[in-house]
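Predicted model only: the values in this text are computed from it and were never measured.
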Amino acid sequence: MKFNILIVTLLSCTLAFTPSSESSNLKIGSKAPKTDLALKDVSGKQLNLEKIAQDNGLLVIFSCNTCPFVIGNGSKSEGWENRYNELAKMAKELQVGSVLVNSNEAKRTKGDSFEDMVERAKEKAFISHYVLDQDHVLADAFGAKTTPHVFLFNSDMELVYQGAIDDNVDRRKEVDAAYLKTAMTAMVRGEKIKVQETKPIGCSIKRVAAK
């Protein structure tokens, strides 16, 4: 499977080309961790994964406001963010909860503060919840590596897919393999998901050193 990957020279964006076998701490079939962890949503409400999940499961996307793989890079790349609302709408129709998680603790003063998140959510009219993961506790529990990094759970909160949204960060219209959409559809139909893991490609989540 060929990814059309944007080459970015921004120092703030460390690329993480992680083999799928080492993509996170969670293995397919694992239960979602930290589902009761309080997370501040851009609405100001305190939420957790248990509250966000719906009858058929939960979609978690680790994201941010600053990574070119998320927000794009002008005419060179659209980034994956322009697919978020389409995915959230699909998830809602399938009775799957959806949430965007910002774990970039080391960039809270450089574009990923809670206030920046609120502004971004308004600008992009996000349909999904957008929550702040303080001290990247949720990202650490998931073993999330990049922005974006996708985790899809079924109605029993068991992991059924993780990795990339699709195979083309640059152009939505040029996507050949819509991994996440295909996985959501198969999951809700009770069918086997043929591709359960792909490489999470993007900027590394900006963690802070342990105190």
Exercise. Could you check whether the rings of Tyr84 and Phe126 sit parallel, tilted or perpendicular, using 30° and 60° as the cut-offs?
Key: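 Answer is tilted, since the angle falls between 30° and 60°.
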Please confirm whether the backbone N or O of [Y] pairs with a side-chain atom of [X], one donor and one acceptor, at under 3.5 Å?
X      : Y      : answer
Asp41  : Gly44  : no
Thr198 : Ala164 : yes
Arg83  : Ile165 : no
His136 : Lys206 : no
Asp55  : Gln95  : no
Thr185 : Lys181 : yes
Asp156 : Glu158 : no

Quiz item: Hey, is CD on Glu119 packed in by over 12 heavy atoms from elsewhere, all under 6.0 Å?
Solution: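 No, the 6.0 Å shell around CD holds no more than 12 heavy atoms from other groups.
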Practice problem: Verify the neighbour count for atom NZ of Lys110: are there more than 12 heavy atoms of other residues, nucleotides or ligands below 6.0 Å? | Solution: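 Open.
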Quiz item: Would Glu123 and Arg120 pass as an ion pair if we require N to O under 4.0 Å?
Solution: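 Yes.
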Self-check item: Salt bridge present between Asp140 and Lys34 (N-O < 4.0 angstrom)
Solution: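 So Asp140 does not pair with Lys34 through a salt bridge.
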Return the [atom1] to [atom2] distance between [X] and [Y], rounded to the nearest 0.5 Å.
X      : Y      : atom1 : atom2 : answer
Gln196 : Leu159 : CD    : CG    : 9.0 Å
Met117 : Arg108 : CE    : CZ    : 6.5 Å
Trp80  : Leu87  : CH2   : CG    : 12.0 Å
Glu105 : Leu132 : CD    : CG    : 6.5 Å
Asp133 : Asp112 : CG    : CG    : 12.0 Å
Thr147 : Ile61  : OG1   : CD1   : 11.5 Å

Shortest non-hydrogen contact between [X] and [Y], atoms and distance:
X      : Y      : answer
Ala186 : Lys192 : CB-O, 4.0 Å
Ala178 : Asp166 : CA-CB, 3.9 Å
Ala106 : Arg207 : CB-O, 3.6 Å
Asp170 : Ser77  : OD1-OG, 2.9 Å
Ser113 : Asp116 : OG-OD2, 2.8 Å
Ser128 : Ser98  : OG-OG, 2.9 Å

Beyond-backbone contact of [X] with [Y], side-chain heavy atoms, under 4.5 angstrom:
X      : Y      : result
Asn85  : Lys124 : no
Val96  : Asn56  : yes
Phe62  : Leu138 : yes
Leu58  : Leu49  : yes
Leu26  : Phe153 : yes
Ile52  : Val60  : no
Ile193 : Ile28  : no
Asp167 : Val175 : yes

Exercise. Would you kindly check if the NZ (Lys) or CZ (Arg) of Lys40 is within the cone defined by 45 degrees around the ring axis of Phe114 and under 6.0 Å from the six-membered ring centre?
Key: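 Yes.
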Quiz prompt | Cluster link Ile127 to Leu100, ILVMFWY, side chain under 4.5 Å | solution =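 Shared cluster, no.
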Quiz item: Quick one: do the Asn102 and Tyr130 side chains pair a donor with an acceptor below 3.5 Å?
Solution: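 Side chains of Asn102 and Tyr130: pair found under 3.5 Å.
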Self-check item: side chain to side chain contact (heavy atoms under 4.5 Å, CB included) between Leu37 and Val137, intermediate numbers included
Solution: CA-CA 9 Å; Leu37 178 69; Val137 173; 3.9 Å; yes
Practice problem: Determine, stepwise, if the pair Val150 / Leu59 fulfils side chain to side chain contact (heavy atoms under 4.5 Å, CB included). | Solution: CA-CA 7 Å; Val150 170; Leu59 169 61; 3.7 Å; yes
Exercise. Evaluate whether the separation between SG of Cys67 and SG of Cys203 stays below 2.5 angstrom.
Key: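 In this structure, Cys67 and Cys203 share a disulfide.
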